[in-house]
Amino acid sequence: MIAWYSPEGEVVGEVSRVRMRAENLWHGCVVIVVRSFDGSRVYVHKRTDTKDIFPGLYDCAAGGVIDAGETPDDAAAREVKEELGVEAPLTPLFRTIYVDSDTRYHAWVYEARSEGPFTHQPEEVAWGGWMPFEELKAKLADPGWPMVPDGRAIALEWLRRGA
């Protein structure tokens with residue numbers, strides 16, 4: 001079960017992931033950008049082709065849905081450990097929303113600094129590696145780069161806010 005949110009960002013109950021996807025219900029997500037210790041690189045990964053939303057596309061953040069009864073901070077620590085196999089201090093950056101025809105959610109965005117080693121969750125991550133920060137900025141500006149649309153939107157907001 002996952003936390004079900006109101007459009008205003010308050011938890012209103014819990015709902016199954018299947019129902020949330022089928023009815024495009026508001027939910028909460030955490031987004032964790034992992035940078036190298038010196039900040040010059042960002043860890044980028046490709047989602048598996050079996051993901052329920054945006055399969056096979058690239059992302060520059062780990063993350064996922066907030067479970068029922070879970071805080072955003074707890075979800076962020078869980079997700080970065082599950083997806084990338086790392087534990088690192090998390091710095092909260094900002095909160096935003098993402099809405100399209102397939103999904104709508106409240107996002108808590110964090111940054112973590114780590115050099116790895118990384119261990120990918122096989123159900124979630126098909127490939128991962130470091131990308132120079134400047135290269136990532138160029139790819140984010142390229143609409144032809146196959147990146148998850150929510151990840152692109154949130155990463156562009158991250159850059160506008162002074163990443």
Go through the steps to decide whether R41 and E115 satisfy the test salt bridge (Lys or Arg N to Asp or Glu O under 4.0 Å), and finish with yes or no. CA-CA 10 Å; R41 298 169 295 150; E115 294 291 338; 2.6 Å; yes

Group every Ile, Leu, Val, Met, Phe, Trp and Tyr by side-chain heavy-atom contacts under 4.5 Å, then state whether W145 and V125 land in the same group. no

Please say yes or no: joined through hydrophobic side-chain contacts below 4.5 Å, possibly via intermediate residues, are W158 and W108 part of one cluster? no

Looking only at non-hydrogen atoms, find the nearest pair between I66 and A75 and report the distance. CG1-CB, 4.0 Å

Where do H106 and E8 come nearest, in terms of heavy atoms and distance? CE1-C, 3.8 Å

Taking side-chain hydrogen bond (donor to acceptor under 3.5 Å, both in side chains) as the test, write out the residues that go with D102, two or more places apart. none

Please determine which of M147, M131, K139 meets the side-chain contact (heavy atoms from CB on, under 4.5 Å) test together with V44. M131

For the CG atom of D38 and the CZ atom of F133, what is their distance to the nearest 0.5 Å? 12.0 Å

Residue pair D59, E124: steps toward the side chain to side chain contact (heavy atoms under 4.5 Å, CB included) verdict: CA-CA 11 Å; D59 203 347; E124 303 261 341; over 6 Å; no

Distance, nearest 0.5 Å, that separates CZ of R104 from CG of L25: 7.0 Å

Starting from L84, can I reach V31 by hopping between I/L/V/M/F/W/Y residues whose side chains sit under 4.5 Å apart? no

Under a 4.5 Å cut-off applied to non-hydrogen side-chain atoms, are M1 and S16 in contact? yes

Taking R17 for the side chain and I2 for the main chain, is one N or O donor matched with an acceptor at less than 3.5 Å? no

Is the cationic atom of R47 (NZ for Lys, CZ for Arg) positioned less than 6.0 Å from the six-membered ring centroid of F54 and within 45 degrees of its normal? no

Can you give me the closest heavy-atom contact between N24 and S101, atom names plus distance? ND2-O, 3.5 Å

Please work out which of the three classes, parallel, tilted or perpendicular, describes the rings of Y43 and H120, given edges at 30° and 60°. tilted

Going by the side-chain hydrogen bond (donor to acceptor under 3.5 Å, both in side chains) test, name the single residue among D67, D74, D73 that passes it with T71. D74

Under the salt bridge (charged side-chain N to carboxylate O under 4.0 Å, His left out) test against E87, which residue among R113, K81, R78 passes? K81

Using 0.5 Å steps for rounding, measure from the CZ atom of R161 to the CG atom of L93. 9.0 Å

Can you measure from NZ (K137) to CG (L156) and round to the nearest 0.5 angstrom? 11.5 Å

Are the side chains of V34 and F118 in touch, meaning some heavy atoms are under 4.5 Å apart? yes

Working to the nearest 0.5 Å, report the span between CD of E123 and OG1 of T50. 8.0 Å

Any non-hydrogen side-chain atom of V80 less than 4.5 Å from a side-chain atom of Y110? no

Path from I154 to V99 over hydrophobic side-chain contacts below 4.5 Å: no

Can you name the closest pair of heavy atoms from V30 and E79 and give their distance? CG2-CG, 3.8 Å

Output for pair (M20 CE, W4 CH2), nearest 0.5 Å, gives 12.0 Å

Minimum heavy-atom separation for V86 and P117, please, with both atom names. CG1-O, 3.3 Å

Report whether I32 and F94 are members of the same hydrophobic cluster (ILVMFWY, side-chain heavy atoms less than 4.5 Å apart, transitive linking). no

Do W26 and S6 have side chains that approach each other closer than 4.5 Å (heavy atoms only, starting at C-beta)? no

Start with the C-alpha distance between H27 and T103, add both sets of side-chain angles, then the distance that settles side chain to side chain contact (heavy atoms under 4.5 Å, CB included), and finish with yes or no. CA-CA 9 Å; H27 57 286; T103 190; 3.2 Å; yes

Can you name the nearest heavy-atom pair linking A77 to L90, along with the distance? N-CD1, 3.5 Å

Using 30° and 60° as the class limits, which term best fits the ring planes of Y105 and Y98: parallel, tilted or perpendicular? tilted

